[in-house]
> 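Mind looking over this structure? Questions follow.
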Amino acid sequence: MDFDLSPTSNAFDIPEIDFRAELNDEQFAAVTAEPGPLLILAGAGSGKTRTLTYRVAYLLSKGVRPGEILLLTFTNKAAKEMLDRVEELTAVEGRSFWGGTFHSIGHRLLRMHGEAIELPKNFTILDAGEAETVLKHAVESVDSSFFKNKTHPKPGPLSSIISMARNTCESIERTILAFFPQHHEFIERIEGFAEAYEKRKREQNVVDYDDLLVFWLKLLETAPEVAEHYQNRFRHCLVDEYQDTNVLQAAIVDKMAPHHRIMAVGDDAQCIYSWRGANFENILTFPDRHPGTEILRIETNYRSTPEILTMANAIIQNRTSQGFEKELRAHKPSSQKPFVVQAMDTREQAQFVITRIRGLIDEGRDPREIAVLYRSHFVALDMQMELSRAGVPYQITSGVRFFEQAHIKDLVAHLRLVYNPADVTAFLRIFLLLPKVGEKTGQKLYDHTIAVAKKHEIDFIDALHHPDTIKKAPAAARADFESLAISLRDMKQIADTGSPDEVVQMGIDGWYSSYLQGAYANYSNRLEDLNSLVGFAARFEEMQELIAQITLLNSETSGRMEDSDEAIRLTTVHQAKGLEFDIVFVIGAADGFFPTRRSIDVGDTEEERRLFYVAVTRARDELYVLYPKMNTKGGPSMFLNPSRFLQEISTDLFEPIRIRRNYGW
DNA sequence: ACGCCAGTATTTTTT
DNA sequence: ATACTGGCGT
């Protein structure tokens, strides 16, 4: 036994748990395995989360303290779910653990130890869009006419290239040759852009998402005393969804746990994030990097009917690159086959879903247990329209997200500027709202303000409402400028003494609310959103923490829908990962939509296959896969074929349905 | 040179 | 629904 306890610790006080009785053999073996490198291959629906949660409980029961466990997940939702379930099981509060997404843990460490790599502690985080804007400016500073040429890559693609390079720990050159060969002629220039981009971020004291990981690794590599501290502290490291880690994340895990007490849980068949550098090679090579790895499989599926699993297995067995062999074994009794529904067009597809949903609800099904899944957001558009028209309540967890809405971001920009005056991006975001202030004028105003601050030796925020600054604003903007400057000053004053929610409230009550009123017809809705932000802010003691969480938690969905208990769910397959539903409709399963046109053109649909597999395995009892025969959107109508993933498998595995005009059964 | 407006295109997936 | 473009006005 290697659960050696430090002399001072004693077994953590948790409720008695009968691990043997509450877990099946496979799960039990994983939960109670000796510490050391552990690779748990957990198929869809096999109780992966359950296994991880019980593992944590098991470690606690062996005397490991919560603070000694590091729990890394891929999404915020997974992190929350995990910590909630641990708390439920052990009564140990979720926040006693270091648990969260890679990005949030990286953020936490950098906030604490950033100085070791010359990162000031009040840095702010850019979201993807802002990062792109900063990159765009950086590119223009190097080559002002680069984007004038239509054949040159735009900021979006440039950002993807740089991000991909960083997440795979590869050079720009190799990244472009491997993933973006169409841009090979720009290799040298893009290398220069990447450097300029890094420099600009430093100047503004901001970091992008990738930095949270890159700097984390850098911190471990360049600050041995910090690295050692955490290596000693986290005696157990658990990683969820390991197949979706990229090279950078795998390197971080390896560096955090040189003691090899890592439990990696995953399923190579469910790797669906390779566009972000995820590489399921990581999971395949885990045993090589961690000598003595014990590999355990959990393959009994408690979720789905045998018929659904047979179809899922068939889909994944057609993959070209074999990973770990796997075959899900059904636990449930036999039931009906999945349905494959051909609709004439997307409208008919939506009609079918609605009719069936009504039937299910009449049968007494819980609407929350019904989900409509799709490959891409825009596929859901018709569905949304038809649902609204039919009066079927739905909750959509994709599309415009709460923290991504313009007014939320505007207000957050206020906060960012108050706490980090070097954050030009935040400055521009707000000041471009003023009349007659565009990109150029905005930058000028910023520079003037800096000059005024220097000259009078005052703070940036105070320099904003200095007469010397105000008189530089365009005449049409002057009144607004002054009012905004005063708001920011008030916010800063509160910030010194008050709590984050008070600062947020001050921001809402200031210039911004008058702007909001003029700018948007649905002013009161937006104001409501902002007020709910005050409540959110009250949960934080540190403003830096609040701002960071808003940026990192951008998947939280709009607040208004939350109370609709009776709503069915609409989500992308990506967002449905880790979730399960009694009844699942997969819509838009036509070649060109799922798999996407893009993946077909590139000639690699394997990731799409895994995604399809994820979609199918979300269903417990009933599965409907639908596709429209005709595409009426975007240009001339075109005939569509069913998804190749359906065509490849035996027609015995599903029940084809042709829709009758009255939508009857 | 700069900002504004209106019309047009445009959507993978997430931290 | 939002982002971008091109042309117009200041």
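Lettering of chains follows the sequences in order, A, B, ..., and the numbering in each one begins at 1. The analysis underlying the following values was restricted to heavy atoms, covering all of them including side chains, and did not include hydrogens, waters or symmetry mates.
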> May I ask you to decide if the ring planes of A/Phe186 and A/Phe146 are parallel, tilted or perpendicular, using 30° and 60° as cut-offs?
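Ring orientation, 0 to 90° scale: perpendicular.
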> Which residue lies toward the 5' end of DNA chain C, A/Ala406 or A/Lys154, if each is placed at its nearest nucleotide?
A/Ala406
> When every nucleotide of nucleotides 2-7 of chain B is labelled 5' to 3' by its protein contacts under 4.0 Å (heavy atoms), B for base, S for sugar-phosphate only, - for none, what sequence of letters results?
SSS---
> Filter on salt bridge (charged side-chain N to carboxylate O under 4.0 Å, His left out), then keep only pairs touching residues 609-619 of chain A, sequence neighbours left out; what's left?
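Salt bridge (charged side-chain N to carboxylate O under 4.0 Å, His left out) check on residues 609-619 of chain A returns A/Glu606-A/Arg609, A/Glu607-A/Arg610, A/Arg609-A/Glu648.
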> Measure NZ/A/Lys409 against C1'/C/dA3 and give the value in whole Å, please.
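Result: 12 Å.
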> Distance check: side-chain N/O of A/Thr572 vs OP1/OP2 of B/dT14, anything under 4.0 Å?
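Yes.
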> If you pin A/Phe74 and A/Ser376 to their nearest nucleotides in DNA chain B, which one's is more 5'?
A/Ser376
> Is the charged tip of A/Arg319 near the ring of A/Phe612: under 6.0 Å from the six-membered ring centre and within 45° of its axis?
no
> Between A/Leu570, A/Val586, A/Leu626, which is the residue that forms a side chain to side chain contact (heavy atoms under 4.5 Å, CB included) with A/Tyr374?
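The passing option is A/Leu570.
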> For A/Arg597 and B/dT10, give me the distance from atom CZ to atom P, rounded to whole Å.
17 Å
> Determine yes or no for a side-chain-to-main-chain donor-acceptor pair under 3.5 angstrom, with A/Ser159 supplying the side chain and A/Glu132 the backbone.
no
> In terms of the angle between their ring planes, are A/Trp98 and A/Tyr230 parallel, tilted or perpendicular, with boundaries placed at 30° and 60°?
tilted
> Under a 3.5 Å distance rule, please check whether A/Asn282 uses its side chain to pair with a backbone N or O of A/Thr245 as donor and acceptor.
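Checked: pair present.
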> Take the protein atom CG of A/Leu213 and the nucleotide atom C1' of B/dT14, then report the distance between them rounded to whole Å.
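Distance check: A/Leu213 CG to B/dT14 C1' gives 12 Å.
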> For the pair made of NZ in A/Lys577 and C1' in B/dT14, what is the distance, rounded to whole Å?
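Rounding to the nearest Å, NZ of A/Lys577 and C1' of B/dT14 are 11 Å apart.
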> Tell me the interatomic distance from A/Met164, atom CE, to B/dT14, atom P, rounded to whole angstroms.
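After rounding, the gap between these two atoms is 16 Å.
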> Nearest whole angstrom, please: distance from the P of B/dT15 to the CZ of A/Arg166.
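Those two atoms, CZ and P, are 19 Å apart.
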> What is the separation between atom NE2 on A/His574 and atom P on B/dT15, rounded to the nearest whole Å?
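A/His574 atom NE2 is separated from B/dT15 atom P by 11 Å.
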> Is A/Thr75 touching bases, backbone alone, or none of the nucleic acid, heavy atoms closer than 4.0 Å?
sugar-phosphate
> For the pair made of CE in A/Met383 and P in B/dT11, what is the distance, rounded to whole Å?
24 Å
